[in-house]
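Worksheet for the structure shown next.
If you're wondering where the values come from, they're calculated on a predicted model, not measured in any experiment.
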Amino acid sequence: MNAGLPILRLGDILLSGLLNDLDDKTALAFTDELTTRIANEGIRGVIIDISRLEIIDSFVARLLIQLAGTGRLLGTQMVVAGMRPAVALTLTELGLQLTGVRTALNAEQAMELLGWRRPAEAAPHAS
């Protein structure tokens with residue numbers, strides 16, 4: 001099933017993102033695809049980039065909490081990356097807490113939290 005949201009694999013980490021116009025049907029398909037891939041592909045980490053979200057509501061917050069809980073049960077960690085200050089303020093004002101969800105400023109920092117490292121640049125060979 002294709003959720004309509006790309007899910008990229010980088011080793012044993014999946015990377016995806018959420019958009020402002022996330023509807024219930026797309027959210028359910030995304031959740032199903034993500035959890036199936038976690039279970040079937042031996043994924044140890046998931047990064048969900050929300051930098052394109054300009055607003056967040058209780059539906060999206062619940063989706064992120066649900067994904068984090070499901071991921072933990074399947075033996076993986078989830079990191080939400082790229083939260084805008086306005087989104088963080090909205091979550092606070094609504095009294096919503098992303099319980100069990102780790103956060104990072106950007107996707108690169110999220111990758112580091114999950115233990116993924118860029119391959120070291122090859123040292124020049126001495127002649």
### Query
Would a 4.5 Å heavy-atom cut-off, applied to side chains only, mark Arg9 and Ile43 as touching?
yes
#### Entry: Heavy-atom pair of closest approach, residues Gly45 and Thr76
N-OG1, 2.9 Å
### Message
To check you understand the geometry: which heavy-atom pair defines the closest contact between Ala110 and Ala104, and what is its length?
### Response
N-CB, 3.6 Å
### Task
Mark yes or no for whether Arg84, through its side chain, and Ser51, through its backbone, hold a donor-acceptor pair below 3.5 Å.
yes
### Message
Could you report the tightest heavy-atom contact between Val101 and Ala68, atom names first, then the distance?
### Response
CG2-CB, 3.6 Å
### Query
Taking the side chain from Arg44 and the backbone from Leu114, do they hold a donor-acceptor pair closer than 3.5 Å?
yes
### Minimum-distance pair of heavy atoms, taken over all atoms of Ile47 and Ala107
CD1-O, 4.1 Å
### Query
From Leu94 CG over to Leu89 CG, what is the distance, rounded to the nearest 0.5 angstrom?
11.0 Å
#### Entry: From CG (Leu19) to CD1 (Ile50), nearest 0.5 Å
12.0 Å
### Query
Looking only at heavy atoms, which two atoms of Asp12 and Gly42 are closest? And how far apart?
CB-O, 4.0 Å
### Query
Please walk me through it: do Leu91 and Met83 pass side chain to side chain contact (heavy atoms under 4.5 Å, CB included)?
CA-CA 11 Å; Leu91 285 171; Met83 187 178 301; 3.9 Å; yes
### Query
Measuring from Gln109:CD to Thr103:OG1, what's the distance to the nearest 0.5 Å?
8.0 Å
### salt bridge (Lys or Arg N to Asp or Glu O under 4.0 Å) partners for Asp57, two or more places apart
none
#### Entry: Pairing residues for Arg37 by the salt bridge (Lys or Arg N to Asp or Glu O under 4.0 Å) criterion, not counting sequence neighbours
Glu41
### Message
What I'd like to find out is whether the side chain of Ile7 reaches to under 4.5 Å of the side chain of Leu15, using heavy atoms alone.
### Response
no
### Summary
Between the CG atom in Leu67 and the CG atom in Leu98, the distance rounded to the nearest 0.5 Å is 11.5 Å
### Message
Main chain of Glu54, side chain of Arg52: is a donor-acceptor contact present, judged purely on distance under 3.5 Å?
### Response
no
### Task
Would you indicate whether the side-chain heavy atoms of Ile48 and Leu34 approach each other to under 4.5 Å?
yes
### Task
Please tell me if the side chains of Leu64 and Leu18 come closer than 4.5 Å, counting only heavy atoms from C-beta onward.
yes
### Query
Do you know the tightest heavy-atom contact between Ser16 and Leu5?
OG-CB, 4.4 Å
### Atom pair CG/CD1 of Leu113 and Ile13 - distance to nearest 0.5 Å
10.0 Å
### Message
If I take atom CZ from residue Phe59 and atom CG from residue Asp24, how far apart are they, to the nearest 0.5 angstrom?
### Response
4.0 Å
